[in-house]
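Any value given below was found using the heavy atoms of this structure, including those in side chains, with hydrogens, waters and symmetry copies removed. Throughout, protein chains are lettered first and strands after them, A, B, ... in sequence-line order, and every chain is numbered starting at 1.
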Amino acid sequence: MTRLSKAFPADRAALIAFITAGDPSVADTLVILDALVEGGADIIELGMPFTDPMADGPAIQAANIRSLSGGTKTADIFNIAKEFRTRHPDVPLILMGYANPMTIRGPEWFANACVSNGIDGVICVDIPVEEDDSLGDALRNEQIALVRLATPTTDAARLPTILNNASGFLYYVSVAGITGLQQAAQASVEEAVKRLKSATDLPIVVGFGVRTPDQVAAIANVADGVVVGSAIVELIEKYGKDAPAAVKDYVASLASAIASAR
Amino acid sequence: MNEQANSFKNQPDERGHFGQFGGRYVAETLMPLILDLEKEYRAAQNDPEFSTQFDDLLTHYVGRPSPLYYAQGLTEELRKAAPEGKGAQIWFKRDELNHTGAHKINNCIGQILLAMRMGKTRIIAETGAGQHGVATATVCARFGLPCYIYMGSKDIERQAPNMFRMKLLGATVIPVESGTATLKDAMNEALRDWVANVDDTFYIIGTAAGPHPYPEIVRDFQSVIGKEARSQMLERINRLPDMLVAAIGGGSNAIGLFHPFLDDKSVKMLGVEAAGHGLDKEHAASLSGGKPGILHGNKTYLLQDEDGQIDEAHSISAGLDYPGIGPEHSWLKESGRVHYDSVTDAQALDAFQLLCRTEGIIPALEPSHAIAAVAREAIKMDQDQIILANLCGRGDKDIFTVAEALGAEALGTDI
Ligand SMILES: Cc1ncc(COP(=O)(O)O)c(C=O)c1O
């Protein structure tokens with residue numbers, strides 16, 4: 001079993017917390033990551049900031065800008081990962097971001113950096129299956145999971161294409177849209193998760209527009225994992241350097257919602 | 001001939017790649033849509049009804065064919081400063097005379113017909129100079145579809161007349177404040193809209209960039225420029241030009257002119273990027289000053305730092321103020337078939353005035369870049385040689401920008 005597969009408990013859904021690396025600063029990110037783990041996050045999704053985050057809504061766009069304006073470099077992100085790996089040897093760390101920062105030095109360089117800094121998986125928003133060779137082969141060669149995305153526009157004909165070579169987990173983007181405020185109807189999430197589960201043994205994780213403990217609990221009833229991003233990023237925006245305490249409390253409220261779900 | 005392995009016209013491949021460039025780098029949510037679009041485009045290509053309708057609108061609504069014009073005044077003016085026997089003849093393809101004042105309308109006509117074939121009921125677009133926004137708003141008014149245009153707030157300021165035209169045409173213009181508040185951010189915002197409105201919305205991309213099949217579709221619709229120019233040249237003087245010149249923002253007017261000539265070996269081609277304040281300062285010349293990367297659905301040359309963060313572009317011309325370029329140009333550069341050069345803001349302003357005074361034509365700032373390069377090349381070429389440049393837009397939208405740049409005094413009036 002990999003670190004990632006072990007992070008999905010048998011008796012409840014996993015809580016996956018997203019933040020943007022370097023927001024509000026590289027040093028603060030390390031403390032906020034501790035808070036996520038202490039609050040009860042099972043898996044961390046660490047966003048790689050990009051100047052042009054076209055799949056993100058206002059909250060995460062602003063986090064990207066805060067991070068880049070603070071001077072965050074790709075090297076800083078891998079340093080964060082390395083330090084996180086020392087502090088939290090068992091918590092999987094997934095990098096999430098856009099194709100250009102991931103491929104600019106070549107896919108092998110990126111895959112190597114992932115391995116040497118304790119990254120378990122990668123989610124790349126703008127590399128669909130059709131362009132998998134831009135990154136996928138390099139990651140698979142290093143046993144790094146390349147997490148595939150399914151969306152409300154993924155029909156039965158396309159699903160097998162997405163599942164081919166998928167690893168780690170399957171990320172269900174629950175709304176056709178960007179990260180942030182839009183919310184999916186619970187019924188549509190349930191229907192989609194059922195459909196995906198019948199097509200794959202990979203854990204099914206649901207994200208985009210999930211904010212509150214109630215939503216998390218409802219999704220945790222059907223899915224193997226729930227991702228919360230913008231709601232946490234908004235706390236970081238609000239509290240800045242003082243965010244860790246607020247973030248920890250919020251994540252704890254999400255974790256207890258999951259614990260009482262099934 | 002198109003199918004020959006040694007042709008320059010057989011790109012892209014079935015995955016939408018032009019060599020290593022192009023492709024479909026989009027969010028999974030959009031993949032089914034662009035696959036549908038490709039299917040519909042292939043059907044339209046095989047449907048004589050589609051091309052009949054396209055051609056008819058280009059003739060009677062856009063006003064095509066646009067004239068092919070021998071610019072004698074400019075030719076003679078440039079010869080004054082040229083070495084003995086030098087000074088090529090300069091010809092223009094007059095796409096600034098199109099309805100709405102630029103080449104952008106050619107593509108919009110084609111794409112709105114595709115949108116309607118696909119049963120889409122809502123149109124979105126990005127715009128920089130506002131010419132593509134105006135052209136999109138125009139075809140939406142013509143066919144009765146609601147139209148939403150994303151435009152950077154910086155561009156709204158410097159292209160105010162086009163903002164007003166779009167509103168008159170019934171479009172909703174959405175100012176984009178994010179990032180650098182220019183064309184690239186308008187494109188990000190349009191992509192965000194599209195991904196959230198996949199069922200009813202068609203995205204009319206304004207240049208030969210974006211995910212496959214857009215670069216191919218836009219090129220094909222704009223190729224009317226080069227097809228006309230080629231046969232007009234043969235008809236008028238029974239020969240092909242020695243050199244083609246066009247300005248490049250995303251590259252749609254340039255590829256439209258170049259593509260039909262790509263396999264004519266004797267015809268040289270020059271694409272002109274915006275060098276802004278200079279290539280060592282802020283500029284928008286992605287081929288001269290950038291390197292390959294992935295943005296807005298395609299792999300292509302981009303202005304970016306070593307981490308792949310996109311740099312801010314700068315050009316006095318809003319239509320060229322973009323840190324990328326269509327993928328086919330990246331491929332044509334690497335294959336060596338087309339040469340690319342750049343022209344600064346100051347050089348473009350000089351060329352703008354030169355054309356006004358020698359030809360009685362007020363060009364847009366975008367083709368002013370091409371004209372500056374034409375002036376540079378013409379004096380190196382013999383008098384019996386021919387340069388054909390794409391006059392892809394008229395300058396009405398730019399007169400305030402130019403007045404500000406020159407200072408009203410330079411014109412001897414107070415505007
Ligand atoms: C008149 C004109 N020319 C050129 C351009 C640049 O675009 P492209 O390189 O796609 O022709 C624009 C863009 O707005 C324009 O308005």
Side-chain angles (χ1 to χ4, degrees), chain A residues 48-58 61-62 64-65 67-68 71-77 97-105 110 123-131 133-135 148-155 157-158 161-162 171-173 175-182 208, chain B residues 14-17 20 22-36 38 126 177-180 184-201 210-212 291-300 302-312 323-324:
Chain A
M48 291 181 73
F50 183 43
T51 40
D52 296 80
M54 55 269 176
D56 285 300
Q61 280 178 49
N64 279 260
I65 291 169
S67 172
L68 293 173
T72 305
K73 309 292 292 176
T74 297
D76 297 320
I77 299 167
Y98 292 83
N100 204 43
M102 290 184 181
T103 57
I104 189 71
R105 293 178 175 88
F110 185 74
I123 301 174
C124 184
V125 175
D126 52 348
I127 297 188
V129 184
E130 280 73 4
E131 303 295 344
D133 53 3
S134 316
L135 190 60
R148 291 273 168 77
L149 301 123
T151 76
T153 61
T154 308
D155 61 16
R158 183 161 174 80
T161 313
I162 290 173
Y171 190 132
Y172 179 62
V173 175
V175 291
I178 53 179
T179 56
L181 299 173
Q182 256 179 307
F208 273 52
Chain B
E14 71 285 351
R15 296 172 60 203
H17 288 211
Q20 63 155 318
R24 292 175 280 213
Y25 294 90
V26 295
E28 177 55 34
T29 312
L30 293 177
M31 255 333 282
L33 267 89
I34 64 170
L35 291 171
D36 269 1
E38 186 181 359
E126 86 294 340
E177 312 281 352
S178 62
T180 56
K184 96 176 159 74
D185 310 286
M187 194 146 181
N188 289 336
E189 218 49 63
L191 285 165
R192 290 180 187 122
D193 179 314
W194 200 25
V195 83
N197 295 284
V198 285
D199 291 331
D200 63 349
T201 298
H212 178 66
K291 59 181 176 187
I294 297 165
L295 181 70
H296 292 154
N298 58 169
K299 182 169 185 189
T300 192
L302 300 172
L303 299 180
Q304 54 183 326
D305 71 9
E306 71 283 0
D307 277 348
Q309 305 295 351
I310 306 304
D311 285 336
E312 194 166 340

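Using a 4.5 Å cut-off between heavy atoms, P211(B) makes no contact with chain A at all. Residue E306(B) touches chain A through both its backbone and its side chain, counting heavy-atom pairs closer than 4.5 Å. Only the backbone of D56(A) has a heavy atom closer than 4.5 Å to any heavy atom of chain B. P58(A) does not touch chain B: none of its heavy atoms, backbone or side chain, sits under 4.5 Å away. For D185(B), the part sitting under 4.5 Å from any heavy atom of chain A is the side chain, from C-beta outward, and nothing else. Residue contact with chain B, scored on non-hydrogen atoms closer than 4.5 Å, involves the side chain of T103(A) exclusively. For chain B, the nearby part of R105(A) is the side chain; its heavy atoms alone come within less than 4.5 Å.
For N100(A) (side chain) and G308(B) (main-chain N/O), a donor-acceptor pair under 3.5 Å exists by modelled atom type. Side chain of T51(A) to main chain of I310(B): a donor-acceptor pair is present (N/O by atom type, distance under 3.5 Å, no hydrogens or angles). A distance-only check finds a donor-acceptor pair linking the side chain of T153(A) to the backbone of T29(B) [under 3.5 Å]. Under a 3.5 Å cut-off, the side chain of R15(B) and the backbone N or O of E130(A) do form a donor-acceptor pair. Between the side chain of Q309(B) and the main chain of P49(A), a donor-acceptor pair closer than 3.5 Å is present.
With salt bridges taken as basic N to acidic carboxylate O contacts below 4.0 Å, one links R158(A) and E28(B).
Interface remark: of the candidates K291(B), H17(B), H296(B), H17(B) forms the most heavy-atom pairs closer than 4.5 Å to chain A. Between chain B and the options V129(A), V175(A), I162(A), N64(A), heavy-atom pairs under 4.5 Å are most frequent for I162(A). For the options I104(A), I65(A), D155(A), heavy-atom pairs under 4.5 Å to chain B are most numerous at I104(A).
At a threshold of 4.5 Å between non-hydrogen side-chain atoms, the residues Q61(A) and N188(B) do not count as touching. With a 4.5 Å cut-off on side-chain heavy atoms, P53(A) and R192(B) count as touching.
Taking CG from D307(B) and CD1 from I77(A), the interatomic distance works out to 7.5 Å, rounded to the nearest 0.5 Å.
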task: Begin with the C-alpha distance, continue with both residues' side-chain angles, and end with the deciding distance and a verdict on side chain to side chain contact (heavy atoms under 4.5 Å, CB included) for D305(B) and K73(A).
output: CA-CA 10 Å; D305(B) 71 9; K73(A) 309 292 292 176; 3.9 Å; yes

- prompt: What's the verdict on side chain to side chain contact (heavy atoms under 4.5 Å, CB included) for M54(A) and M187(B), showing C-alpha distance, side-chain angles and the deciding distance?
  reply: CA-CA 9 Å; M54(A) 55 269 176; M187(B) 194 146 181; over 6 Å; no

